[in-house]
There are 2 protein chains.
Amino acid sequence: MTEVAARLDANQVLAALGDATRRALIDLLAQSPSSISDLASALNVTKTAIGQHVAILEACHLVVSQKTGRVRICRLDHRGLDALQVWIEARRHPWVEKLDRLDDLLEEEDGVSSPNDGTTAGV
Amino acid sequence: MTEVAARLDANQVLAALGDATRRALIDLLAQSPSSISDLASALNVTKTAIGQHVAILEACHLVVSQKTGRVRICRLDHRGLDALQVWIEARRHPWVEKLDRLDDLLEEEDGVSSPNDGTTAGV
DNA sequence: GCAATAGTGAAGCACATACTTCACCAATGG
DNA sequence: CCATTGGTGAAGTATGTGCTTCACTATTGC
């Protein structure tokens, strides 16, 4: 069930990871959760830029953040990476992709009706 | 050794996959090998554009191509996806990254304790 | 040979977007 | 209270790059 959704935003995940700064951000957050200021000083960019990047990374479920007081702590969100993994597997074994469409037809209980790219940012 | 190399060009792989057209190209090639003209007509872009994209995809080992006669057949190269998979794993389990050097000395199997949160690593 | 097809190279354009500055608000701490 | 710190919003800039057109070469087929 989540496979379909995961494959859909895998596009957004890849678009997000296309940027080197965001990849560096992911690298930092993979080591430890950090605040916006921490990330900004680590990457030598402004806090505004970090905020924009974090917003993008959150939209595709690569990062989660919560603001306590005036500090926003960002941490890695595994769901984005999961979606990416699914995306890779589907391309590494194309026959799975073909069987997957059959799987969608057989499993219409989840209400997956539009095969088009909805790009629903489930937020 | 190969892991380091794979992790290095994973950056290029992600940069390449950041583009929607190149992702569509990968999707097509995951289904079947195709010529430049085939891909061009499938994506409604010029053959020149496809040629440029294929060059980028080849540079990061996502695509291999060989020219027989006047036709260049492009097919998926698994090495790019492999590198991406390694990249993901390294971020999904950051402690593995930290213990990477120790990994050479100690052949630890599991039971690793993360300093951050205790998310169960079900792998 | 001639025409059509497949692909490549150079050059330019147009749009996207990453980053900045400026201004502002909210929380912390002396 | 005032200063500092952490973060956000708006707006502008500028660099990158995806795609095109034009020109050209090299195969294929009649």
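Convention: sequence-line order gives letters A, B, ...; per-chain numbering from 1.
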S.K.: So, does A:Thr21 get its side chain near the phosphate of C:dC19, meaning an N or O under 4.0 Å from OP1 or OP2?
M.R.: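 Affirmative; the distance criterion is met.
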S.K.: Report the residue (A:Asn44 or A:Thr68) whose heavy-atom-nearest nucleotide on DNA chain C is the more 5′ of the two.
M.R.: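 Between the two, 5'-proximity favours A:Asn44.
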S.K.: With no hydrogens and no angle check, is any side-chain donor or acceptor of B:Gln12 less than 3.5 Å from a backbone partner on B:Ala59?
M.R.: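 No; zero donor-acceptor contacts below 3.5 Å.
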S.K.: Using whole Å, what does the distance between atom C1' of nucleotide C:dA16 and atom NE2 of A:His53 come to?
M.R.: 14 Å
S.K.: With distance as the sole criterion, do the side chain of B:Gln52 and the base of C:dT8 form a donor-acceptor contact below 3.5 Å?
M.R.: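 Such a pair does not exist between side chain and base.
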S.K.: List the atom pairs, with distances to 0.1 Å, where a side-chain N or O of residues 40-54 of chain B and a protein N or O form a donor-acceptor pair under 3.5 Å, not counting sequence neighbours.
M.R.:
residue, atom, partner, partner atom, Å
B:Ser41, OG, B:Ser37, O, 3.3
B:Ser41, OG, B:Asp38, O, 2.9
B:Thr46, OG1, B:Ala49, N, 3.2
B:His53, ND1, B:Arg22, NH1, 3.1

S.K.: Is there a side-chain contact between B:Ser37 and the phosphate of C:dT5, meaning an N or O under 4.0 Å from OP1 or OP2?
M.R.: no
S.K.: Check whether any side-chain N or O of A:Thr46 sits under 4.0 Å from OP1 or OP2 of C:dT20, and answer yes or no.
M.R.: yes
S.K.: Once you round it to whole Å, what is the distance between P of D:dT28 and NZ of B:Lys67?
M.R.: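 Rounded to whole Å, this separation is 11 Å.
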S.K.: Within this structure, what is the CZ-to-C1' distance between B:Arg72 and C:dT5, rounded to whole angstrom?
M.R.: 16 Å
S.K.: Hey, is the side chain of A:Arg70 pairing donor to acceptor with the base of C:dA27 inside 3.5 Å?
M.R.: yes
S.K.: Rounding to an integer number of Å, can you tell me how far B:Gln66 CD sits from C:dA6 P?
M.R.: 18 Å
S.K.: Picking from C:dA18, C:dT8, D:dG6, which would you name as closest to the side chain of B:Ile36?
M.R.: C:dT8
S.K.: So B:Asp19 and B:Ile56, do their side chains get closer than 4.5 Å, heavy atoms only?
M.R.: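 No, side chains not in contact.
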S.K.: Look at the side-chain N and O atoms of B:Ser35 and state whether any lies under 4.0 Å from the OP1 or OP2 oxygen of C:dA6.
M.R.: no
S.K.: Can you tell me the distance, in whole Å, between the CD atom of B:Gln12 and the P atom of D:dT17?
M.R.: 12 Å
S.K.: In whole Å, I'd like the distance from the CD1 atom of B:Ile56 to the C1' atom of D:dT17.
M.R.: 9 Å
S.K.: Just how far, in rounded Å, is P of D:dC24 from NZ of B:Lys47?
M.R.: 17 Å
S.K.: In this structure, would A:Leu28 and B:Leu14 fall into the same cluster of hydrophobic residues linked by side-chain contacts under 4.5 Å?
M.R.: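 Yes; tracing contacts between hydrophobic side chains, which count when under 4.5 Å, links both residues.
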S.K.: If you round to the nearest 0.5 Å, how far is CG of A:Leu29 from CG of A:Leu62?
M.R.: 10.0 Å
S.K.: What integer distance in Å separates B:Ile50:CD1 from D:dC19:C1'?
M.R.: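 Atom-to-atom, B:Ile50 to D:dC19, this comes out as 10 Å.
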S.K.: Of all the nucleotides listed (D:dG18, C:dA10, C:dG7), which has the minimum atom distance to the side chain of B:Val71?
M.R.: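 The answer is C:dG7.
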